[in-house]
Amino acid sequence: MRAAVLRSAAELAPGNGGEARQDEVPARRAITLERPKRAEFGDYSTNAALLLAPELGAPPREVAERLGRALSEQLGESLERFEVAGPGFLNLFLSDAWRREALAAALAAGERFGAGGATRPERVLVEFVSANPTGPMHVGHARNAAYGDSLSRMLAFHGHSVDREFYVNDAGSQIVKLGESIRALARGEAVPEDGYKGDYVAGLAERLPGAAEAEPGELGRAAVGAMLEKMRASLEAFGVGEYDHWQFESALHEGDPSPVEHTLSVLAGQGRTYAKDGALWLRTTEFGDDKDRVLVRSNGEHTYFAADTAYHQDKRERGFERQVDVWGADHHGYVARTKAAYQALGGDPDELELLIMQLVHLVRSGQRAQMSKRAGEFVSLDDLVGEIGVDAARWYLLARSHDTTLDIDLDLAREESSENPVYYVQYAHARIASMLDRAGTGRVQEALAAVRDGGFPEEPMHESERALVLALLGFPGEVAEAVARRAPHRIAATSLELAQGFTAFYRDCRVVGSEPAPVESFRIALSVAAMGTIARCLQLLGVSAPQRM
RNA sequence: GCCCCCGUAGCUCAACUGGAUAGAGCACCGGCCUUCUAAGCCGGGGGUUGCUGGUUCGAGUCCAGCCGGGGGCACCA
């Protein structure tokens with residue numbers, strides 16, 4: 001449909017000689033074909049005439065009229081009528097026959113409906129969670145995990161090749177500090193002032209053999225191993241079980257030359273480093289950073305920033321065309337320097353996406369739960385899942401845009417779970433499954449075959465039926481939009497819309513038992529498409545799609 | 001002081017990157033179960049999109065300046 005609109009638009013304003021009219025390119029791209037919110041504005045609506053009017057030197061409404069006539073010719077009986085509305089919108093009203101054929105095409109795509117829309121598939125690496133192994137994961141990590149996992153699923157569904165990684169910060173003084181804290185507890189002494197507190201530290205002190213005598217660095221590394229096992233288990237329980245690679249920071253310092261040393265020589269080769277005050281600096285200011293950054297400290301040690309830069313270089317050299325890092329809110333100060341470093345390495349900054357997740361607040365009895373890692377009073381990912389379950393947790397964490405701070409009302413999410421949108425969507429899915437069970441596998445197969453072969457009913461469609469078909473047809477576009485914006489919350493919104501669309505259809509239209517047979521067949525096929533698409537949305541979010549509830 | 005995010009219904013948030021009468025859920029009020037799942041449906045009230053200017057056919061969206069909330073500004077990781 002979009003192609004048809006663009007074709008007609010091109011006929012009206014045929015190029016006008018290419019480069020001579022550079023301004024027409026953005027105008028062309030801004031032409032939209034939308035599903036209007038209000039049914040009276042048609043099945044589809046386009047602003048093409050408003051954008052073409054200046055180019056043609058004619059009033060927008062007149063251009064819309066001409067565009068509508070061109071489309072009528074092109075689409076024939078598929079287009080029932082068109083209307084010019086408002087300042088020059090063109091509203092298109094399609095025939096039931098067109099809608100039925102479009103649904104048949106969607107069903108023919110099967111599992112692939114909405115998939116593979118990427119115009120240029122890329123090798124993408126998504127790095128997410130990467131929680132410091134010096135403590136348990138909290139709800140912020142839960143948001144990061146749900147988001148990174150869902151985004152990975154969406155990118156893959158869209159046609160990209162996706163690898164998922166977890167970066168483990170297992171080097172540096174924090175690990176020694178963790179070891180010191182554990183040893184102190186094992187000896188029955190107080191934890192150092194700036195050490196790690198919290199029950200898990202005591203747990204480690206009990207669990208790790210010889211903790212009272214061990215060397216802090218050694219003990220810290222052993223603790224990291226234990227923490228990672230816990231994280232792996234927590235993430236798996238949260239539905240994130242498929243990291244392709246766990247990258248250890250320590251490994252970036254090993255070998256000859258180590259990846260860090262290799263990266264330093266790449267930067268030096270590009271002429272981006274210099275020595276000052278006994279340290280080695282990177283000229284990040286050349287790429288928009290506030291100040292230059294230290295790579296090698298005056299005591300000879302590499303900074304965290306040096307390792308991080310080496311990690312990004314390593315990913316480049318492994319052949320990833322795009323890197324997506326999902327970071328916590330506290331990391332936004334590192335965006336400028338990291339992008340600068342990436343450019344200093346010779347990379348295109350657009351290939352490196354640094355996505356900042358805003359904070360999560362948990363609300364209980366109208367009060368915000370405190371989350372202080374130092375004091376050891378925080379709600380862990382495990383606690384969250386234990387309280388409200390994986391499905392509700394993932395839904396609430398994903399239903400909002402990642403760049404807005406988020407409140408989760410635990411009382412609502414748990415105690416009044418029947419009011420949760422996530423259950424509403426799951427319920428719609430279970431309802432369809434149950435209904436199709438009632439129809440019987442044989443009848444469903446027969447219905448799908450009938451629709452596939454174009455055996456459509458003569459009867460006009462019900463309004464709710466039309467709305468559901470259009471909502472389903474919008475799914476591939478919603479996926480493309482959600483992927484382009486890195487916005488899983490749009491998939492959540494889509495799933496809710498589909499569930500509502502189905503529920504309205506189900507209310508207004510008898511499915512099993514409706515007559516004549518072609519009507520029943522079409523409605524069964526429509527239900528199959530609705531169930532499959534809702535299930536797909538939930539799968540992209542990592543939320544289960546139950547057969548019965 | 002500088003940088004980033006946010007400010008939309010009583011609450012939590014959307015709004016297809018500039019489109020038509022700003023929408024959902026929760027909360028509140030009223031109605032609906034011998035018929036494919038009531039974890040549901042129908043109806044209702046509720047808004048100066050923080051403020052002031054600007055850009056244009058059109059601004060919640062873009063620009064400038066304020067006000068307010070959150071986060072961050074190490075030769076820590």
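For clarity, every value in this text was computed on a predicted model and none was experimentally measured. In what follows, chains are A, B, ... by sequence order, proteins preceding strands, each numbered from 1.
- Look at the C1' atom in both B/A59 and B/A15: the space between them is 13 Å, to the nearest Å.
- Under the stacking criterion of a centre-to-centre distance below 5.5 angstrom and an interplanar angle below 30°, A/F89 sits stacked against the six-membered ring of B/A20.
- Taking the P atoms as reference points, B/A20 lies 36 Å from B/G31, given to the whole Å.
- With A/Y44 as reference, A/L470 is the one residue of A/L470, A/N91, A/L90 to meet the side-chain contact (heavy atoms from CB on, under 4.5 Å) rule.
- We find that CG of A/L406 is positioned 18 Å from P of B/C5, with the value rounded to whole Å.
- A salt bridge links A/E387 to A/R364: one of the charged nitrogens lies within less than 4.0 Å of a carboxylate oxygen.
- Taking a centre distance below 5.5 Å and an interplanar angle below 30 degrees as the stacking criterion, A/Y506 stacks against the six-membered base ring of B/C36.
- The C1' atoms of B/A39 and B/A9 are separated by 26 Å, rounded to the nearest whole Å.
- For the pair A/R293 and A/F305, the cation-pi test (distance below 6.0 Å, angle within 45°) is failed.
- Applying the ring pair (Phe, Tyr, Trp, His ring centres under 6.0 Å) test between A/Y147 and each of A/H141, A/H402, A/H489 identifies A/H402 as the sole match.
- A sub-4.0 Å separation between OP1 or OP2 of B/C42 and a side-chain N or O of A/R507 is present.
- Whole-Å rounding puts the A/E481 CD to B/C16 C1' distance at 5 Å.
- Residue ring and base: A/H332 does not count as stacked with B/G72 (centre distance below 5.5 Å and interplanar angle below 30° not both satisfied).
- Using atom C1' as the reference point in both B/G45 and B/C51, the two lie 28 Å apart (nearest Å).
- Under 4.0 Å is where a charged nitrogen must lie from a carboxylate oxygen, and between A/R61 and A/E65 no such pair does.
- Proximity of A/K37 to the phosphate of B/A20: a side-chain N or O atom is located under 4.0 Å from OP1 or OP2.
- Classified by its glycosidic torsion, B/C33 falls in the syn category, the angle being within 90° of 0.
- Of the charged side-chain nitrogens involved, none lies within less than 4.0 Å of a carboxylate oxygen, so that A/E353 and A/K339 do not count as a salt-bridged pair.
- B/U17: glycosidic angle within 90° of 0, hence syn.
- A gap of 13 Å separates the P atoms of B/G47 and B/G23, to the nearest Å.
- The CZ-C1' distance, from A/F305 to B/A74, rounds to 13 Å in whole Å.
- A sub-4.0 Å separation between OP1 or OP2 of B/C4 and a side-chain N or O of A/Q358 is absent.
- B/G68 and B/C6 make up a base pair, with Watson-Crick or G-U wobble contacts both under 3.5 Å.
- Computed from coordinates, the A/L412 CG to B/C13 C1' distance equals 13 Å when rounded to whole Å.
- The residue among A/A279 and A/D403 whose nearest nucleotide of RNA chain B is located toward the 5' end is A/D403.
- B/C26 and B/C42 have their P atoms separated by 12 Å, with the value rounded to a whole Å.
- Heavy-atom distances to RNA chain B give each of A/R485 and A/F41 a nearest nucleotide, and the one nearer the 5′ end belongs to A/R485.
- Look at the P atom in both B/G44 and B/A24: the space between them is 12 Å, to the nearest Å.
- In this structure, A/N299 atom CG and B/C76 atom P are separated by 7 Å, rounded to whole Å.
- For A/Y304, the side-chain atoms get nearest to B/A77 when compared with the rest of B/A39, B/A77, B/A20.
- Regarding A/E34, its CD atom lies at a distance of 14 Å from the C1' atom of B/A22, rounded to whole Å.
- Base pairing analysis places B/C73 opposite B/G1; the two distances defining the Watson-Crick or G-U wobble pair are each below 3.5 Å.
- Residue A/T303 has its side chain nearest to B/C75 when only B/C75, B/C41, B/A39 are considered.
- Between A/R431 and the phosphate of B/C41, there is no side-chain N or O to OP1/OP2 separation shorter than 4.0 Å.
- Summarising the geometry, the separation between CZ on A/R297 and P on B/A74 is reported as 14 Å, rounded to the nearest angstrom.
- For B/C41, one of the phosphate oxygens OP1 or OP2 lies less than 4.0 angstrom from a side-chain nitrogen or oxygen of A/Y424.
- With respect to the salt-bridge test (charged N to carboxylate O, under 4.0 angstrom), the residues A/E520 and A/R510 do not qualify.
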Q) What's the verdict on side-chain hydrogen bond (donor to acceptor under 3.5 Å, both in side chains) for A/Q174 and A/Y304, showing C-alpha distance, side-chain angles and the deciding distance? A) CA-CA 11 Å; A/Q174 298 299 321; A/Y304 171 81; over 6 Å; no

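- Here B/G19 presents its P atom at 8 Å from CG of A/N47, a figure rounded to the nearest Å.
- The side chain of A/H331 places no N or O atom within less than 4.0 Å of a non-bridging phosphate oxygen (OP1 or OP2) of B/C4.
- Across B/A27 and B/C63, the matching C1' atoms stand 38 Å from one another, rounded to whole Å.
- Between A/S173 and B/A77 there is no side-chain polar atom (N or O) within less than 4.0 angstrom of OP1 or OP2.
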